[in-house]
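See below for the structure under consideration.
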Amino acid sequence: MGMTITEKILAKHSGGASVSPGENIWIDVDVLMTHDVCGPPAFAIFKKQFGEHAKVWDPEKVVIIPDHYIFTADKHANRNVQLLRDIVAEQKLPHFYDVGTERYKGVCHVALPEEGWTRPGEVLFGTDSHTCTAGAFGQFATGVGNTDAAFILGTGKIWVKVPETMRFVIDGEIPPYLMGKDLILQIIGDICVDGAAYRTMEFAGTAIEAMSMEERMTLCNMVIEAGGKNGVIAADATTEAFVQARTNAGYEIFHNDQDAGFHSVYHYQAEDLQPMVARPHSPDNKAGVRELKDVKVNRAYIGSCTGGKFSDFLAAAEILKDHPVKMDTFVVPATTEVSNQLRETNINGRSLWQIFEDAGAQIGQPSCAACLGGPDDTFGRLNADEVCVSTTNRNFPGRMGSKSAQVYLASPYTVAATAATGRMTDPREFFA
Amino acid sequence: METIKQGKVFVLGDDIDTDQIIPAAHLVYSLDHPDEKRKYGEFALSGVPIDKSGLPDGNIPFVASGQSESPYAIIVAGKNFGCGSSREHAPAALQIAGVQAVVAPTYARIFYRNAVDGGFVIPVESQASLVEHFQTGDKAEINLTDYFIRNQRTGETFPVKKLGQVENIIEAGGIFAYARQAGMIGE
Ligand code: SF4
């Protein structure tokens, strides 16, 4: 039987000709990414296991991106960034995006593509569950824990169980008020938070082919919210243009064989879909935004690896340029590059930055910020019983801070529309 | 590996995510400093809404206030245990609190890997959800030779799945011990 994209990438990295789902194989890793929360413990395990003087398997393949707890006075959090500095110096690691330097980026999953670390056909592991975002580039990318990361640091290898692939075909033309976030919330709602457990979620179809890389990243980012091991989208001209603009490194594009075997195939027609939210406290608790028009909201948040990319802010600004916010609204660019783009891109003579300020939003510094709550002084953190509409990816109890808060996940359009009205609002109300 | 685990049971529902197992605000502590490491035990499962903590009645803290060890060595939970982030602090926190095994019908993939590869707790898969068949505080015995879990209060026995291909790693005590035994990495 033929192989899927994921199976082909894994076969190539296992040194074998073919693999089949369910098999446990050892594979070579192209890139290992870690950040301030998991980097220090991963290196501590590495040292304990391989010895005080051990060196990582290949310093060129280790990428360190502090992003989680950056702009806080918390002394333990700051210590973690210092620990990363010590490790980088000792191991002579060249790819470190340190806080307080020109190289500082922000959220790792958006920084990786910007810096050319996401390449078709490669295997990327990261000590963060949303490492699956990079599957948008036609590669195998997934999250691992600190012990697995330590093992990779020492050997460049790790075991994986070859996943079955679930295929999601989305055809048609995406209406102007819909975003990748609406699609993925619909899909997660349909298959539930464990619907893709241990499996690959592959996205295909004419609607996907027409999507920008950033929108594809939004889809792949949230496969973990359905329990998926990785997300993948076949690389095409859009992918190649993005990758070539960011790196000179080579890559290899894989396609499904004609007779590849899938666990299941789902079909969607883009025109039939509508703006969606995930209600508290689970990403699969789906509802159409229109069904919730009586829900009052008092906090809006636009940021994170899934909803803090440039196109996410562009979408929000389309609405907020003419409508001030009616609630505390926090804007957190994922990376310094996105932050610069907010200052440099204008709509009708005003920068996006200016538009958000004029609308009454507060703009934070690039990092994960309140996406995962964090220390009490974190920008935008939910500290009480707020009802928040957010472009982030998780709304489990306490995820954004207080356990008494309620979080609705939605697209940047829906978040901006809601911020402008004070109640859950379908962005179609703003698209005449 | 000891193939029989015994202890008091703590019962939880479906989709217990890593933020409930160890809330993100506590991830700043070091797992290498003994004093800080204890905090992971202290805050284990502290993110579970209190009415859902210790089913069927709820309102039972997993770890008593000010303590870092839990009286419960076995967790019986619903589907998709450990979903959410990749934080290895989650299975580590359970182990630090004194948990030996979790019994759930399904696990989130990264939690499962972390539990196995780090040698923290044994993720046992039950055939079906056992949440209805246990009450927090029950005593149970898990038998990993004959693959069952027994509720010592009711005497009921339920089959659990074989550990399968990861058994070697669990038996060795984690991925490093396993790789050493297999000659993949040096002593
Ligand atoms: S932005 Fe949120 S989801 Fe993304 S890496 Fe940071 S904490 Fe995780």
Side-chain angles (χ1 to χ4, degrees), chain A residues 24 26 37-38 40-42 44-45 48-50 68-69 74-77 79-80 83 126-131 142-151 154-155 157-159 161 163 192-194 197-198 224-225 227-229 281-282 284 372-376 378 394 396-399 401 403, chain B residues 14-20 23-33 36 39 46-50 52 79-81 83-92 105-120 164-166 168-169 174-180 184-186:
Chain A
N24 274 345
W26 288 85
V37 172
C38 294
I45 298 168
K48 192 164 139 207
Q49 294 292 343
F50 292 100
H68 273 59
Y69 301 145
D74 187 286
K75 67 178 197 300
H76 293 105
R79 178 187 63 188
N80 275 343
L83 284 170
T127 58
D128 192 282
S129 60
H130 291 102
T131 305
T142 192
V144 287
N146 304 336
T147 297
D148 285 348
F151 195 90
T155 65
K157 292 182 189 303
I158 194 69
W159 69 273
K161 185 169 178 177
C192 295
V193 284
D194 56 352
Y198 304 106
I224 183 71
E225 269 62 66
K229 173 177 263 175
H281 291 285
S282 183
D284 63 357
L372 81 163
D376 286 348
T378 302
R394 290 196 173 131
F396 301 125
R399 167 69 179 184
K403 270 197 274 183
Chain B
D14 289 342
D15 302 317
I16 297 295
D17 71 272
T18 51
D19 284 282
Q20 295 183 59
H26 304 308
L27 301 181
V28 294
Y29 303 121
S30 167
L31 285 161
D32 294 317
H33 296 226
E36 291 184 36
K39 299 246 183 219
S46 65
V48 179
I50 192 67
K52 307 258 171 54
K79 74 175 174 68
N80 202 26
F81 188 83
C83 59
S85 92
S86 64
R87 68 187 68 148
E88 189 162 309
H89 311 77
T106 54
Y107 292 85
R109 182 192 72 87
I110 306 179
F111 179 90
Y112 187 89
R113 270 193 87 96
N114 287 342
V116 169
D117 283 0
F120 296 113
Q165 286 170 310
V166 297
N168 298 333
I169 300 175
I175 188 176
F176 284 100
Y178 169 77
R180 285 206 173 85
M184 291 180 61
I185 57 176

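Convention: sequence-line order gives letters A, B, ...; per-chain numbering from 1.
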- Task: Measure T18(B) against the heavy atoms of chain A and call it side chain, backbone, both or neither at under 4.5 Å.
- Result: neither

- Item | I45(A)/E88(B) under side chain to side chain contact (heavy atoms under 4.5 Å, CB included): CA gap, chis, key distance, verdict | CA-CA 12 Å; I45(A) 298 168; E88(B) 189 162 309; 3.7 Å; yes

- P397(A) and K52(B), any side-chain heavy atoms less than 4.5 Å apart: no

- Query: Considering only heavy atoms, which portion of D74(A) lies under 4.5 Å from any heavy atom of chain B: side chain, backbone, both, or neither?
  - Reply: side chain

- Beyond-backbone contact of T147(A) with N114(B), side-chain heavy atoms, under 4.5 angstrom: no

- Task: Give the ring-plane orientation class for F151(A) versus F176(B), where under 30° counts as parallel, over 60° as perpendicular and anything between as tilted.
- Result: tilted

- Under 4.5 Å heavy-atom distance to chain B, tell me which part of N80(A) shows up: side chain, backbone, both or neither. side chain

- Note on the structure: Under 4.5 Å to a heavy atom of chain A? For Y112(B) that would be side chain

- Heavy-atom check, side chain of N146(A) versus side chain of H89(B), under 4.5 Å: yes

- Message: In the structure I gave you, are the side-chain heavy atoms of R113(B) and D148(A) within less than 4.5 Å of one another anywhere?
- Response: yes

- Picking from P49(B), G84(B), A179(B), which has the most non-hydrogen pairs under 4.5 angstrom with chain A? G84(B)

- Would you find a donor on one side and an acceptor on the other, under 3.5 Å apart, between the side chain of R109(B) and the backbone of G228(A)? no

- Message: What part of A149(A) gets within 4.5 angstrom of chain B, counting heavy atoms only: side chain, backbone, both, or neither?
- Response: neither

- Query: Considering only heavy atoms, which portion of T155(A) lies under 4.5 Å from any heavy atom of chain B: side chain, backbone, both, or neither?
  - Reply: side chain

- Item | Side chain to side chain, Y178(B) and W159(A), heavy atoms closer than 4.5 Å | no

- Task: Would you check if I110(B) and V144(A) make a side-chain contact, meaning some heavy-atom pair closer than 4.5 Å?
- Result: no

- Message: Shorter than 4.5 Å, heavy atoms on both sides: which option in A108(B), S30(B), G47(B) has the most such pairs with chain A?
- Response: G47(B)

- Between atom NE2 of H68(A) and atom CG of L27(B), what is the distance when rounded to the nearest 0.5 Å? 8.5 Å

- Verify the neighbour count for atom NZ of K403(A): are there more than 12 heavy atoms of other residues, nucleotides or ligands below 6.0 Å? yes

- Quick one: do the R399(A) and Q20(B) side chains pair a donor with an acceptor below 3.5 Å? no

- Query: If you measure from CZ on R394(A) to OG on S85(B), what distance do you get to the nearest 0.5 Å?
  - Reply: 6.0 Å

- Is there a side chain to side chain contact (heavy atoms under 4.5 Å, CB included) between Q49(A) and R180(B) once you walk through the steps? CA-CA 10 Å; Q49(A) 294 292 343; R180(B) 285 206 173 85; 3.0 Å; yes

- Item | Y69(A), part contacting chain B, at a heavy-atom distance under 4.5 Å | side chain

- Item | Side chain, backbone, both or neither of L372(A) within contact of chain B (heavy atoms, under 4.5 Å) | both

- Query: Shortest non-hydrogen contact from S129(A) to S86(B)?
  - Reply: N-OG, 3.3 Å

- Evaluate the side-chain proximity of V28(B) to R79(A): yes if any heavy-atom separation is below 4.5 Å, no if none is. no

- Item | Sequence-distant partners of K79(B), side-chain contact (heavy atoms from CB on, under 4.5 Å), two or more places apart | V193(A), D194(A), D14(B), D15(B), P105(B), T106(B)

